[in-house]
Amino acid sequence: MLFAGQGSQHKGMGAEVLARYPGLVAFASDLLGYDLAALCTENPDGLLSRTEYTQPAIFVVNALHGFEHAHREDRRADRYLGHSLGEYNALLAAGVFDFETGLRLVARRAELMAAASDGGMAAVLDTPEEQLLKVLADHGVDGVDIAGLNTPSQLVIAATPPVLAAALDCLEGAGIRVARLRVSAPFHSRYMEPARVRFAEFLTGFAFAEPTTPVVSNVTARPHRASETARLLAEQLVTPVRWTDCVRSLLDPDDPLEFTEIGGTALTRMVHTITSGA
């Protein structure tokens, strides 16, 4: 089972499932300090696009869909995998922490990530990592981090505003297709180190159980262990999302991959791209 992350938000998200769980929605709203259902369904003042609101909203909607799927399906998932923020829903589904703990973690993560607003990200298409880094180095562009390896044909880079602008000019000049992402900060890069330090400190106040079902880490592309969960969640802020490696770790030539995505369709498209070339 796959859980979508930031970028899957939209006005009207989760309207039906939010209505079916009024108690949990009221609890989440009290914890967060705002009307979560109104945020998701009405998007007042465009708040749903702001990281500090986006992440808790996606977490709650994903969680409720995950609860419903678990209750409805006879067959349990063999593995859980989430993209960036979605990893928290994967860990919740595997019993590593409860709903309240997950929401507190995501709310603090979102707050810290929103505060790191000096930078941006862009997708780079059809260019291997080695070639990308060589082009940047040849043009003297320094300070760009690989923030995500989504598929063999799509990487994500992150940097401060002037460095990102220089990188995009350089890559476009080299005939490489790029697309700036609508995010407020250079997530999953060295520039999130202050947020990592503060989040790591926050995580010391929580205990994490062993997953009842394996959850693949974005950082290592290997299953989480309780002894490492806190470290990996903090490291996730400053390391690339290794989505391609995560998906490939699940492939078995004798057992075709079957999967369900919670929260969108983007991950499904990525998985098809990865598996078609694996």
Side-chain angles (χ1 to χ4, degrees), residues 3-14 18 25 28-29 31-64 82-92 101-123 145-148 150 156-161 163-164 179-203 218-219 232-241 243 262-264 266-267:
F3 289 95
Q6 194 163 350
S8 62
Q9 72 274 6
H10 60 275
K11 181 179 178 179
M13 62 183 281
L18 291 168
V25 174
S29 296
L31 190 154
L32 295 168
Y34 52 81
D35 187 334
L36 183 68
L39 171 68
C40 293
T41 59
E42 301 170 18
N43 190 21
D45 301 317
L47 293 177
L48 198 55
S49 64
R50 291 171 50 179
T51 294
E52 63 268 41
Y53 293 97
T54 305
Q55 294 191 11
I58 291 174
F59 174 80
V60 171
V61 172
N62 278 355
L64 299 184
H83 192 283
S84 189
L85 167 67
E87 190 164 318
Y88 287 77
N89 286 108
L91 292 167
L92 170 66
T101 298
L103 186 55
R104 290 187 184 280
L105 294 176
V106 167
R108 181 58 173 157
R109 179 185 190 263
E111 178 186 7
L112 292 171
M113 292 178 74
S117 59
D118 190 23
M121 305 173 75
D145 282 358
I146 303 295
N150 286 334
V156 176
I157 59 174
T160 58
V163 172
L164 185 62
R180 189 184 287 267
L181 303 182
R182 295 170 61 185
V183 296
S184 59
F187 303 146
H188 303 292
S189 74
R190 74 185 84 174
Y191 304 106
M192 300 298 294
E193 178 60 19
R196 186 203 67 79
V197 172
R198 296 178 68 184
F199 194 48
E201 181 179 348
F202 181 72
L203 288 165
N218 286 183
V219 175
L232 292 176
L233 291 181
E235 288 295 319
Q236 193 208 56
L237 297 182
V238 296
T239 57
V241 176
W243 188 254
I262 302 295
L267 302 184

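Count residues from 1 along the sequence. Note that the coordinates shown come from a computational prediction; the quantities given were computed from them, not determined experimentally.
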Exercise. Who passes salt bridge (charged side-chain N to carboxylate O under 4.0 Å, His left out) against E193, sequence neighbours left out?
Worked result: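 Salt bridge (charged side-chain N to carboxylate O under 4.0 Å, His left out) check on E193 returns R196.
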May I ask you to test the [X]-[Y] pair for a side-chain heavy-atom distance under 4.5 Å?
{"X": "F59", "Y": "L92", "value": "yes"}
{"X": "T160", "Y": "Y191", "value": "yes"}
{"X": "L18", "Y": "C40", "value": "yes"}
{"X": "V25", "Y": "L64", "value": "yes"}
{"X": "L48", "Y": "M13", "value": "yes"}
{"X": "E87", "Y": "L233", "value": "yes"}
{"X": "L103", "Y": "P56", "value": "yes"}

Distance, nearest 0.5 Å, that separates [atom1] of [X] from [atom2] of [Y]:
{"X": "T101", "Y": "Y88", "atom1": "OG1", "atom2": "OH", "result": "12.5 Å"}
{"X": "L36", "Y": "T41", "atom1": "CG", "atom2": "OG1", "result": "9.0 Å"}
{"X": "R108", "Y": "F199", "atom1": "CZ", "atom2": "CZ", "result": "9.0 Å"}
{"X": "R180", "Y": "I157", "atom1": "CZ", "atom2": "CD1", "result": "9.0 Å"}
{"X": "M113", "Y": "L85", "atom1": "CE", "atom2": "CG", "result": "8.5 Å"}
{"X": "Y34", "Y": "L47", "atom1": "OH", "atom2": "CG", "result": "9.0 Å"}

Exercise. Of the non-hydrogen atoms in P186 and M121, which two are nearest, and what is the gap between them?
Worked result: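 Minimum heavy-atom contact is CA-CG, 4.0 Å.
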For this session: Could you check D35 against L39 for side chain to side chain contact (heavy atoms under 4.5 Å, CB included), going step by step and ending with a plain yes or no?
Result: CA-CA 6 Å; D35 187 334; L39 171 68; over 6 Å; no
Problem set entry | Passing option when H83 is tested against N218, N89, N150 for side-chain hydrogen bond (donor to acceptor under 3.5 Å, both in side chains) |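 Of the listed options, the one satisfying the test is N150.
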Problem set entry | T51-Q6 side chain donor-acceptor pair, cut-off 3.5 Å |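 Note: T51 and Q6 side chains meet the donor-acceptor criterion.
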Problem set entry | F202 vs L105, side chain to side chain contact (heavy atoms under 4.5 Å, CB included): CA-CA, chis, key distance, verdict | CA-CA 8 Å; F202 181 72; L105 294 176; 4.0 Å; yes
Exercise. Between N62 (side chain) and A4 (backbone), is there a donor-acceptor pair under 3.5 Å?
Worked result: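 Pair found, side chain donor or acceptor close to backbone of A4.
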Exercise. Is the count of non-hydrogen atoms from other residues, nucleotides or ligands lying under 6.0 Å from R198 atom CZ greater than 12?
Worked result: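 It does not: R198 CZ has 12 such atoms or fewer within range.
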